[in-house]
Amino acid sequence: LGCYAIKLFGVSVPRKWLAHPRVAHVADLLPVALLAALVVTQTFTNGRHLVIDARAAGLLAAIVALRFKAPFLVVVGVASLVAAMVRLAA
């Protein structure tokens, strides 16, 4: 019921509100912020506890690969490999 209400609210917003530059700017940035929050939550939490484990090493490796402008599949592969190696070593 809540999802339907949110969808109904979204389609009933006046078009001139959506055309406002500030709303358009927020709409452009919102998916990036939500994805970043999801990555941080999945990387540094386990249930209700804050943890630093192999996932953090994988994220760091992915960031380094991105800085070197590696393709997406290479970034995912490097992150997976580093996380697996850290888990194996631990």
Side-chain angles (χ1 to χ4, degrees):
L1 184 62
C3 292
Y4 180 74
I6 291 171
K7 185 164 182 81
L8 181 64
F9 176 73
V11 296
S12 60
V13 173
R15 194 165 291 280
K16 73 176 188 176
W17 287 7
L18 298 175
H20 193 275
R22 182 173 288 168
V23 173
H25 184 66
V26 169
D28 287 342
L29 295 179
L30 195 58
V32 175
L34 290 174
L35 184 59
L38 178 65
V39 167
V40 168
T41 302
Q42 292 296 313
T43 302
F44 296 111
T45 61
N46 188 5
R48 297 181 66 105
H49 302 285
L50 183 64
V51 294
I52 300 203
D53 57 5
R55 296 174 293 179
L59 179 62
L60 183 63
I63 291 170
V64 170
L66 285 171
R67 293 291 292 161
F68 283 109
K69 300 188 186 299
F72 176 73
L73 289 178
V74 172
V75 171
V76 172
V78 166
S80 301
L81 184 64
V82 168
M85 297 305 281
V86 169
R87 286 177 196 244
L88 185 65

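- Here CZ of F68 is found 13.5 Å from CD1 of I63. Values are rounded to the nearest 0.5 Å.
- For the atom pair CD1 (I52) and OG1 (T43), the distance works out to 10.5 Å, reported to the nearest 0.5 Å.
- Taking every heavy atom of both residues into account, A57 and V82 meet most closely at O-CG1, 3.7 Å.
- The line from CG of L30 to CG of L35 is 11.5 Å long, rounded to the nearest 0.5 Å.
- Side-chain contact between V74 and V78: present, with at least one pair of heavy atoms (C-beta onward) separated by less than 4.5 Å.
- For L18, the side-chain contact (heavy atoms from CB on, under 4.5 Å) partners are V13, V23, not counting sequence neighbours.
- Applying the salt bridge (charged side-chain N to carboxylate O under 4.0 Å, His left out) rule to pairs touching residues 15-28 yields nothing, sequence neighbours excluded.
- Put simply, the side chain of L59 reaches to within 4.5 Å of the side chain of V39, judged on heavy atoms.
- Of all the heavy atoms in L66 and V75, the pair that sits closest is CD2-CG2, 3.7 Å.
- Heavy atoms only, all atoms of each residue included: G58 and A79 are closest at O-CB, 3.3 Å.
- Panel note: side chain R87, backbone R55; no donor-acceptor pair is recorded below 3.5 Å.
- Using a 4.5 Å cut-off on side-chain heavy atoms (C-beta onward), H20 and H25 make no contact.
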